[in-house]
Amino acid sequence: MDRRTFLKASAGAVAGTVLANQLTAALAQGGLEGEDIANLEKGLQQVLGKSFKDLTLSQQVKLVAPTIAESGANVPVEIEASLPADQVKAIHCFCDKNANPLLFTVILNGVLPYYATRVRVAETAPVRAVVETKDGKLLMAAQSVRVTVGGCG
Amino acid sequence: MAINILVRFNPAKPKAGEEVRVQVVVQHPMEPGTRRDASGKLIPADYINEVNVTMDGQLIAQVKPGPGTSANPLFAFKMKASKAGQLKVTCKDLNGQTGEKTADLTLA
C-alpha cells in the first residue's frame, strides 16, 4: 500500500492501543469511567460519616441515568429500591468528580422508595445512588455518565 | 418574593391503593456558586436547600438538594394512593426565600 495509507493506519492503531489501555486500566480496577474515589470519600465522610468500603453494591437499587448527558447542567436521574418502603430511611446521591460530591439527600417516610430529579454533573464521572436502610446498611448502585458540556461552570 | 411551585399527580385521579407519581417542579435558578457570568465574576450560590412534603400534616418526604441540583428542579416521588388528602410542599433557599403549594389528592 502507499505511504499515506500506511501512516493513517499506524496512527489509528497507536491511538487505538492508547485508548484501549486506558479503558482496560479503568475496567481492570473494576471501575467506571471517570471514577474518583478520593473525592467521593470526602463527600461520604461529610454526609454519612462512612467510607467507600462501607457501601455494598446491590442489585436491589436501580439507578437510571443517561450514559451520555446532553447537558451536564441537566442530567435526569431516577432511583428505585426494590425494598419494602418501611425499610428505606434515606436515599443519597453522589457524583465522584463534582466539587461537592453530594448531589442530594432525600429522607422518605411513608412514600415508596423512589425518587427522580435532575442534577448537575461537572465532568464524566460515575453517579452513585446510596440507599440507607433502617438497619444501617448502605446499598449502592452506580453508573458512569459521560459529559461533554460541564454542568457547574 | 415567594418561590413558585407546581405539583402534578400522575395519574391525576388514581384509584384507591394505586401507585401515584407526584411531580414537584420548583421555579428557581439553583446557582451552584461555581458558575461565572459574562464578565468572569463568580455568580453567588443561590439554591434551594430544603424541601418538605407533607400529606395531611404528616411529613412524608424531605429533600435536601444542594449545588448539584439542576435549575428549575424536579422532585418526583411515588406513593400509594391509600386515601385522598392534601399534599403540601414547602421549600426554602439559601437566602431565606420560601415557597409553598398545596394540592389535593382525590381518588377516582
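A, B, ... follow the sequence lines: proteins, then strands. Residue 1 opens every chain.
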- Query: In Å, rounded to the nearest 0.5 Å, how long is the span from NE2 of His92(A) to NZ of Lys64(B)?
  - Reply: 10.0 Å
- For chain A, the option from Met79(B), Lys78(B), Gln58(B) that forms the most heavy-atom pairs under 4.5 Å: Lys78(B)
- Item | Close contacts, residues 37-54 of chain B versus chain A, judged by heavy atoms under 4.5 Å | none
- Query: Under a 4.5 Å side-chain heavy-atom rule over Ile, Leu, Val, Met, Phe, Trp and Tyr, are Leu44(A) and Phe104(A) clustered together?
  - Reply: no
- Query: Centroid-to-centroid, Tyr114(A) to Phe77(B), below 6.0 Å?
  - Reply: no
- May I ask whether Leu139(A) and Leu40(A) are part of the same hydrophobic cluster, defined by side-chain heavy atoms of I, L, V, M, F, W, Y residues being less than 4.5 angstrom apart, directly or through others? no
- Query: Which of residues 81-90 of chain B have a heavy atom under 4.5 Å from any heavy atom of chain A?
  - Reply: none
- Cluster question for you: counting only ILVMFWY and a side-chain heavy-atom cut-off of under 4.5 Å, with indirect links fine, are Leu57(A) and Phe94(A) together? yes
- Message: Do Val88(A) and Met140(A) land in one hydrophobic cluster if side-chain heavy atoms of ILVMFWY residues count as linked below 4.5 Å?
- Response: no
- At a heavy-atom separation under 4.5 Å, does Ile60(B) approach chain A through its side chain, its backbone, both, or neither? both
- Residue part contacting chain B, namely of Glu80(A), when any heavy atom lies under 4.5 Å: side chain
- Message: Counting only non-hydrogen atoms closer than 4.5 Å, can you tell me which residues of residues 10-28 of chain B sit against chain A?
- Response: Glu19(B), Arg21(B)
- So what's closer than 4.5 Å to chain B heavy atoms on Val77(A): side chain, backbone, both or neither? neither
- Does a sphere of radius 6.0 Å around CD in Gln87(A) hold more than 12 heavy atoms from other residues, nucleotides or ligands, not counting ones at 6.0 Å or beyond? yes
- Can you list the residues that meet the salt bridge (charged side-chain N to carboxylate O under 4.0 Å, His left out) rule with Asp135(A), with sequence neighbours excluded? Lys137(A)
- List the atom of Pro67(B), the atom of Arg120(A), and the distance in Å for their closest heavy-atom pair. O-CD, 3.7 Å
- Message: Looking at Ala73(A), is its backbone amide N or carbonyl O close enough to the side chain of Ser70(B) to form a donor-acceptor pair, meaning the two atoms are under 3.5 Å apart?
- Response: yes
- Heavy-atom pairs under 4.5 Å with chain B are the metric here; pick the option from Leu102(A), Asn100(A), Val111(A), Leu108(A) that has the most. Val111(A)
- Query: Side chains of Met30(B) and Arg118(A): does their closest heavy-atom pair fall under 4.5 Å?
  - Reply: no
- Return the option, out of Val75(A), Thr117(A), Ile91(A), with the maximum number of heavy-atom pairs under 4.5 Å with chain B. Thr117(A)
- Treating Ile, Leu, Val, Met, Phe, Trp and Tyr as nodes and any side-chain heavy-atom pair under 4.5 angstrom as an edge, say whether Leu48(A) and Val106(A) lie in one connected cluster. no
